[in-house]
2 protein chains.
Amino acid sequence: MINESYKNMLGAKSVIRELSEYATARGKEIGYENVFDFSLGNPSVEVPEEFTKEMIRLLQTENTMTLHGYTPSLGNPLYKENIAKSLNERFGMNYGPEHIFPTTGAAGAIAHALRAVTKEGDELITFAPYFPEYGPYVTGAGVKLSVVPADTKTFQINFDAFEEMMNEKVMAVLINTPNNPSGVAYSSETLTKLSKVLTEKSKQYGHTIYLISDEPYREIVFKGADAPYVSKFYDNTLSCYSFSKSLSLPGERIGYVAVNPSCDGAEYIVPMCGQISRGTGHNCPPSIIQQAVAKVCGMTSDLSVYEINMNIIYDTLQDLGFTVVKPGGTFYIMPKALEESSIEFCKKAKDYDLIFVPADGFGAPGYFRMAYCIDTEKVERAMVRLRQFVKEVYGGK
Amino acid sequence: MINESYKNMLGAKSVIRELSEYATARGKEIGYENVFDFSLGNPSVEVPEEFTKEMIRLLQTENTMTLHGYTPSLGNPLYKENIAKSLNERFGMNYGPEHIFPTTGAAGAIAHALRAVTKEGDELITFAPYFPEYGPYVTGAGVKLSVVPADTKTFQINFDAFEEMMNEKVMAVLINTPNNPSGVAYSSETLTKLSKVLTEKSKQYGHTIYLISDEPYREIVFKGADAPYVSKFYDNTLSCYSFSKSLSLPGERIGYVAVNPSCDGAEYIVPMCGQISRGTGHNCPPSIIQQAVAKVCGMTSDLSVYEINMNIIYDTLQDLGFTVVKPGGTFYIMPKALEESSIEFCKKAKDYDLIFVPADGFGAPGYFRMAYCIDTEKVERAMVRLRQFVKEVYGGK
């Protein structure tokens with residue numbers, strides 16, 4: 001018989017997807033260059049040439065059966081080794097290949113990390129604003145997701161609310177820094193404080209509380225931002241990474257879980273991820289993609305456009321009197337709407353072909369998200385339109 | 001806290017993997033050409049040149065952001081369309097692209113199909129001999145796996161035992177034809193009878209019983225075998241396919257679920273698979289692999305070596321007096337051991353560097369599996385060794 005709970009999920013269409021589909025349809029009407037589509041977080045920069053060259057080299061020179069054969073169930077050894085090396089060099093860690101589990105992007109990484117350190121009926125805490133897909137990820141594992149309300153002043157962590165919500169059932173805490181949708185990176189001060197709370201509460205409850213760190217935007221960090229490596233602050237950290245943004249490879253579904261070598265049960269977690277894979281039918285990311293990424297895992301696409309765009313948008317928003325926290329990274333910014341309902345605000349902006357996403361679904365009602373992974377030329381034209389919109393609708397300057 | 005049930009799974013090492021590791025180690029000692037390793041079902045034929053060429057063409061000519069960008073969450077349109085076309089032409093079906101859901105191999109396909117038509121606490125029936133990974137696949141979804149004992153005469157379905165085990169909790173039945181490990185293909189007669197039972201029982205219990213058909217060996221069928229397309233016999237069929245064997249791409253994790261357009265809820269099942277993916281962190285197979293396979297989904301590697309090997313092995317086994325059913329496809333054969341315990345038999349064979357897998361784990365105690373995806377020259381030498389082994393240990397001719 002058909003599973004009713006999955007069937008019932010079909011009704012709820014994603015707001016982001018709906019807006020992005022609207023933008024595409026509208027683009028067909030008036031020309032896509034005239035639609036200022038800030039809805040989707042799709043990388044807008046080229047894949048590094050080295051990746052393409054390595055793919056072609058593999059295809060031209062390797063034995064096809066080795067190249068496309070089964071990888072070991074815990075992943076391609078070179079991929080694991082090179083990622084461990086790269087993380088160690090950059091962040092002063094001491095990962096071995098045995099601490100790296102290859103996954104299908106950050107979604108796959110979180111799905112595995114989560115199941116490794118929780119069981120059905122447990123609770124997991126995350127912090128607003130947060131990526132709405134955490135809902136299905138967490139409930140898909142039978143775990144309850146609790147969301148700490150945002151500290152809207154800084155979009156760091158609201159520690160008072162967090163400590164109040166902590167309880168014995170919480171087995172894991174999930175953070176995302178630099179953050180989608182706010183663009184804010186958690187500071188050293190925030191992470192130090194978070195580590196202290198988690199250490200104390202682990203002791204008090206008599207069980208380890210793991211920190212699952214979702215960090216696909218780790219390489220998109222702006223000048224002057226304090227965006228340290230999370231796992232340095234708390235040993236019981238599982239870092240979930242994706243090459244979607246850093247190498248512009250979102251469709252190739254390639255990432256990993258990196259298990260802090262000093263965490264409790266460090267020796268079990270990667271092999272456990274292998275077992276988790278069997279139940280979800282995942283069985284490792286594709287062989288050729290693991291092999292090619294192994295060679296380029298220390299580099300990134302040219303990500304500079306995101307900072308250029310951010311500065312243009314941030315300055316305009318400031319000038320127009322928006323309340324907004326300056327992003328430390330990502331390609332998102334999350335200003336406060338100019339009226340109470342961000343849904344109404346975004347509807348009105350749509351009439352000016354400005355496509356913004358209300359942040360209600362991210363746990364930040366009254367705010368809206370702009371994804372600025374688009375050409376700078378278009379961002380500049382969008383700012384002219386934004387000025388016009390604010391002036392005509394809200395009487396701004 | 002670490003999930004104890006996944007941790008406890010770590011102890012049980014796969015027999016197949018253990019034997020294959022032994023074979024590799026032994027190969028280093030005495031030369032791999034002297035180890036007759038029939039343990040692993042890893043394709044031994046080249047990937048079609050057309051696949052490699054198409055991959056290189058995509059890498060050399062496509063815009064990297066389109067090529068490696070997110071695919072739509074229900075899959076690449078061309079991939080879906082071409083697969084539907086190919087199935088329609090070959091099997092007289094009427095699939096549209098909306099009935100095809102791309103997955104990471106057959107494992108991913110089964111994981112999705114299963115969740116779409118069962119819920120926690122339901123029961124699923126499969127038939128011995130069966131692929132042991134069905135255990136984690138099914139229990140991973142919180143569903144009980146019941147196994148109908150084998151009809152050891154033909155390795156078709158033991159219908160008496162099946163009907164006795166049927167009950168109201170059974171929401172799906174899982175078959176694998178051509179079969180791993182027996183190599184036997186279910187005949188038209190078997191599938192007609194199976195369809196009749198499923199139709200009657202669906203009516204009696206007042207709910208649809210879905211047939212999940214696991215068919216990665218569908219293209220490896222031998223002369224004279226009656227190996228029809230399962231979905232033609234029963235409308236409520238979800239076909240789970242992988243290109244691992246037909247295109248020799250096991251490491252690239254590419255396959256699909258094909259939903260029979262006449263099945264109950266046909267319009268919901270593919271979108272539901274999209275929802276299931278969100279919870280398991282799967283989110284579509286890699287973009288470039290979908291695009292390349294779209295172009296070659298109607299062709300196969302040169303699979304003829306498997307039939308040549310099968311005939312050599314079957315004839316030798318017959319000549320040596322083994323009880324064995326002739327395979328209709330795959331690259332497996334499953335003879336009866338020459339003593340009661342197939343574990344003991346395989347241990348003794350190991351002393352002759354013949355690596356066979358006891359079929360106890362496949363639900364066929366007393367039998368053993370040989371995977372003959374190896375060079376014919378080696379198969380021929382292995383038969384000489386097998387004769388020697390049987391003569392010296394069991395007094396055969």
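Order of the sequence lines fixes the chain letters, A, B, ..., with proteins taken first and strands second; residue numbering starts at 1 for each chain.
- For A:Thr104, the parts lying under 4.5 angstrom from a heavy atom of chain B are both the backbone and the side chain.
- One distance of note links OG of B:Ser287 with CD1 of A:Ile289; it measures 9.0 Å at 0.5 Å rounding.
- Ranking A:Lys7, A:Glu133, A:Glu4 against chain B, the residue ahead of the rest is A:Lys7, based on heavy-atom pairs under 4.5 Å.
- Here the NE2 atom belonging to B:His68 is positioned 9.5 Å from the OG atom belonging to A:Ser248, to the nearest 0.5 angstrom.
- Rounded to the nearest 0.5 angstrom, B:Ile2 CD1 and A:Lys119 NZ are separated by 12.5 Å.
- Within the 4.5 Å cutoff, side-chain heavy atoms of A:Glu120 are placed close to those of B:Glu120.
- Ranked by heavy-atom pairs shorter than 4.5 Å toward chain B, the options A:Pro43, A:Gly279, A:Pro286, A:Gly140 are led by A:Pro286.
- B:Gln275 and A:Leu10 get closest at one heavy-atom pair: CG-CD2, 3.7 Å.
- A 6.0 Å sphere centred on NZ of A:Lys201 holds more than 12 heavy atoms belonging to other residues, nucleotides or ligands.
- With a 4.5 Å cut-off on non-hydrogen atoms, A:Val45 touches chain B through its backbone but not through its side chain.
- Other residues, nucleotides and ligands contribute only 12 or fewer heavy atoms inside 6.0 Å of the CD atom of B:Glu49.
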- Tell me, with the steps shown, if A:Glu46 and B:Asn63 meet side-chain contact (heavy atoms from CB on, under 4.5 Å). CA-CA 8 Å; A:Glu46 293 280 343; B:Asn63 171 295; 4.2 Å; yes
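- Side-chain contact check for B:Met55 versus A:Ile56: every heavy-atom pair is 4.5 Å or farther apart.
- For the pair B:Asn3/A:Met272, a side-chain contact is recorded, criterion being any heavy-atom separation below 4.5 Å from C-beta on.
- To the nearest 0.5 Å, atoms OG (B:Ser5) and CZ (A:Arg115) are separated by 11.5 Å.
- Residue contact with chain B, scored on non-hydrogen atoms closer than 4.5 Å, involves the side chain of A:Ile269 exclusively.
- Among B:Gln60, B:Gln290, B:Glu252, the residue with the largest count of heavy-atom pairs under 4.5 Å with chain A is B:Glu252.
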Return a table of donor-acceptor pairs under 3.5 angstrom between the side chains of residues 69-76 of chain A and protein atoms on other chains or two or more places apart.
| from | atom 1 | to | atom 2 | distance (Å) |
| --- | --- | --- | --- | --- |
| A:Tyr70 | OH | B:Lys245 | NZ | 3.1 |
| A:Asn76 | OD1 | A:Leu78 | N | 2.9 |
| A:Asn76 | OD1 | A:Tyr79 | N | 3.0 |

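- The line from CE of B:Met1 to OH of A:Tyr205 is 14.5 Å long, rounded to the nearest 0.5 Å.
- Most heavy-atom pairs under 4.5 Å with chain B, from the set A:His112, A:Arg253, A:Met171: that is A:Arg253.
- Rounded to the nearest 0.5 angstrom, B:Leu67 CG and A:Leu249 CG are separated by 9.5 Å.
- Top candidate by heavy-atom pairs under 4.5 Å with chain A, chosen from B:Ile276, B:Thr208, B:Thr280, is B:Ile276.
- When each of A:Leu40, A:Leu114, A:Val117, A:Asn42 is scored by its heavy-atom pairs under 4.5 Å with chain B, the top score falls to A:Val117.
- Chosen from B:Pro250, B:Gly135, B:Ala109, the residue pairing most often with chain A at heavy-atom distances under 4.5 Å is B:Pro250.
- For chain A, the option among B:Ala116, B:Cys273, B:Ala111 with the highest count of heavy-atom pairs below 4.5 Å is B:Ala116.
- Under the 4.5 Å side-chain criterion, counting only non-hydrogen atoms from C-beta, B:Leu59 is in contact with A:Leu59.
- Looking at A:Tyr268, the atoms closer than 4.5 Å to chain B (heavy atoms on both sides) sit in the backbone and in the side chain alike.
- Chosen from B:Thr118, B:Asp264, B:Ile110, the residue pairing most often with chain A at heavy-atom distances under 4.5 Å is B:Thr118.
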